[in-house]
Asks: 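Next up is a structure, given as structure tokens.
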Number of protein chains: 2
Amino acid sequence: MASSMSAERPTLEDVAAYAGVSRSTASRALNEESYVSPRAREAVLAAARDLGYSPNQAARSLVTKRTGAVALILSEPESKVLNDPYFLMVMREAFRALADGGAQMLVMFVDNRDDIPRTTRFLEGGHVDGALVFAPHAGDPLPTALKLLRVPVVFGGRPGTASRGLYTVDYDNVGGAHLAATHLIQRHRRNIVTVCGPQDHPAAQDRLLGWQKALAEHGMPIDDRAESGDFTQTGGEAAMTRLLERHPDLDAVFAASDPMAAGVLQALRAHGLRVPDDVAVVGFDDNPSIVHTLKPPLTSVHQEPAAQVRHMITILQCLIAGDAPTPKRQVLPVSLAIRDST
Amino acid sequence: MASSMSAERPTLEDVAAYAGVSRSTASRALNEESYVSPRAREAVLAAARDLGYSPNQAARSLVTKRTGAVALILSEPESKVLNDPYFLMVMREAFRALADGGAQMLVMFVDNRDDIPRTTRFLEGGHVDGALVFAPHAGDPLPTALKLLRVPVVFGGRPGTASRGLYTVDYDNVGGAHLAATHLIQRHRRNIVTVCGPQDHPAAQDRLLGWQKALAEHGMPIDDRAESGDFTQTGGEAAMTRLLERHPDLDAVFAASDPMAAGVLQALRAHGLRVPDDVAVVGFDDNPSIVHTLKPPLTSVHQEPAAQVRHMITILQCLIAGDAPTPKRQVLPVSLAIRDST
DNA sequence: ACTCGTTCTGGGAGCGCTCCCAGAACATGC
DNA sequence: GCATGTTCTGGGAGCGCTCCCAGAACGAGT
């Protein structure tokens, strides 16, 4: 009763037989190598089309030692990631860029320390050719753990722990904050405060630093003028309220993220202050789904997640190919998108 | 110069040799099969530990015809997904549930029709054992395309097109909307409107239907009392403004999503109406990052994305194992989380 | 002693592919 | 004619694993 099922997937051998050539020639034709006669190539491609052939990845990667897959690792506690459209943009861009290069994207979340052994074991297991990692938290032990592996890894943003020697693609957070603060100064604001991010975040540290630098360059006071939010809207609102108590006469705010800027606007409205007439506000991220829905539309430091991800993938592909690109740390420029809030 | 590199990954043969048994016995010991003496099993496990052995997945799946990977396919245009924390919750839950079962999660986005061939080709290619698909849009051609494949597929939510014969795990949208409207009626509201979702969305259709049913059961008017938002906050605000013009004396609103409910609250505030004193508001989704930040906290129809995803995975695993679970269409119950907005 | 039955073991085959290498086919030079 | 390429082809080997099957080892019953 062993009648041959038509449901069997055709193999390379089937394609070769159908095309009247050998397995080797079929393989060469499909992999677009040289040393294949046009006649043979045509025949093989036609056969593959007719039979609906698609190569068995398992067999291929068994010999090439390549899986054609890349892991995207997001290391942030659940609550944070859920509210952050940034990660979704990153995921989409990564998927798209990888798919265009014929690679698959394997997503992994790391919620807590317990997930780390599983993650490293997985990466060591040879399931993927490399990994893109976002671990924005300073205390995160993941980067250190991954450093020991032989798997190529590229980090998005500056990881807080032991970033030395790692491949990273970061934004110019210092420069962006500097840009924002300078813009406020040019708008003749003289009483500038900041709602900064949590200082266990390298990105938040850099943004605070840039703000401080710009103000110091113009001889303006920085002490006691920074309040930390937690990168969320409610956190931004609370921080702004505290700042207003301390500096009732402030005339400009640099918020280290767009959601916090939204909170800032709320707090200002609650205090009866007009934007930008009484107080100018700048955000950071230039998140399209936030800046345009706010009233007034928010001036914000613009960064390009797509560019970051594509950069990371380029570097990773070099590493996978065996090259060691320099420099290890790349910093992408940011710009300022000026709107009605300043 | 062919000195053996210590960087070489150990194979099963190495483990067997180290343990002093054969390849077959080593395989049996590691795969926890019977017919292995305790002595041999111990030796093999110790050897695997000592050598840091992890099996080559490619080689394994070449013979087992299983990849141990499942695709998660999200079919929604970019703009929608970015604002929707629902998808991120789904992704995390799916990752976690699959990882616990030893399976990998491969994420794919389908933005437009052009992505469909790539997606089907990929699924046909045998890269994954099955797929979880979210395609909430009614016109989406993806479900029909996937129907023709031999790969097990389970849908989240009722796909608009040709849902007959597909495996689906949906929420009781009709029941949830009915629950919400009935609750408003019990709160002695007599002038109830709804901000419904886009009617090319099966879920939105169901929610409108449930609202209509509840009102009809109590002999209340439904004509001219539904305005469509696009599931976003701004859409909800606009729809509410239109409803207020038409029914200035309305005293309750059922919004078919939480973001739209947020817009409803904004519009009501702009019209100087108090919630819940003048107007009661119910949302849908019970999105934790929305309902608690609104003022007042929002009464909303509660659903459990985690339960949905786990259900989908259970069914998918059955299908992969070769079973055909019945019924094909599962509907999960929803409840009402009552807060201060009603 | 011998047959059974059960538990355990090792080797062979083979999954579908890529790589290597020997050699065929063809053109080009003297 | 023969030596010398260059282009093209097919078969063999082998990647690391699982499965099958023959047979060893061991006990228990006659």
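The figures that follow rest on heavy atoms only: side chains count, while hydrogens, waters and symmetry mates do not.
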Asks: Taking side chain as C-beta onward, heavy atoms only, is B:M108 less than 4.5 Å from B:V128?
Replies: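 A side-chain contact is absent here, since even the closest heavy-atom pair is not under 4.5 Å.
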Asks: If only side-chain N and O atoms of B:S37 are considered, is one of them under 4.0 Å from the OP1 or OP2 phosphate oxygen of C:dT9?
Replies: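 Indeed, a polar side-chain atom of B:S37 lies that close.
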Asks: Check B:L123, B:L132, B:L319 against B:P152 for a side-chain contact (heavy atoms from CB on, under 4.5 Å) and give me the one that passes.
Replies: B:L319
Asks: Report yes if at least one side-chain N or O of B:T25 is closer than 4.0 Å to OP1 or OP2 of C:dG10; otherwise report no.
Replies: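 So the side chain of B:T25 is within the cut-off, an N or O lying under 4.0 Å from OP1 or OP2 of C:dG10.
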Asks: Checking B:D50 now: which residues fulfil side chain to side chain donor-acceptor pair (under 3.5 Å) with it, not counting sequence neighbours?
Replies: B:Y18
Asks: Would you call A:V153 and A:L166 a side-chain contact if the rule is heavy atoms closer than 4.5 Å?
Replies: no
Asks: Do A:R310 and A:D100 meet the salt-bridge criterion of a basic N to acidic O distance under 4.0 Å?
Replies: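 No, no charged N to carboxylate O under 4.0 Å.
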Asks: Please round to 10 degrees the angle between the axis of the first five pairs and the axis of the last five pairs in the helix from C:dA1-D:dT30 to C:dC30-D:dG1.
Replies: 60°
Asks: What I'd like to find out is whether the side chain of B:Y171 reaches to under 4.5 Å of the side chain of B:Q308, using heavy atoms alone.
Replies: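 Yes, their side chains come closer than 4.5 Å.
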Asks: Just verifying a value: how many Å separate B:F155 CZ and B:I73 CD1, rounded to the nearest 0.5 Å?
Replies: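 Rounded to the nearest 0.5 Å, the CZ-CD1 separation comes out at 8.5 Å.
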Asks: For nucleotides 12-22 of chain C, give me one character per nucleotide, 5' to 3': B if any protein heavy atom sits under 4.0 Å from the base, S if the only such contacts are to the sugar-phosphate, - if neither.
Replies: BB-BBBBB---
Asks: One pair to check against side chain to side chain donor-acceptor pair (under 3.5 Å): A:Q330 and A:H311. What are the steps and the verdict?
Replies: CA-CA 9 Å; A:Q330 292 222 16; A:H311 244 84; 2.9 Å; yes
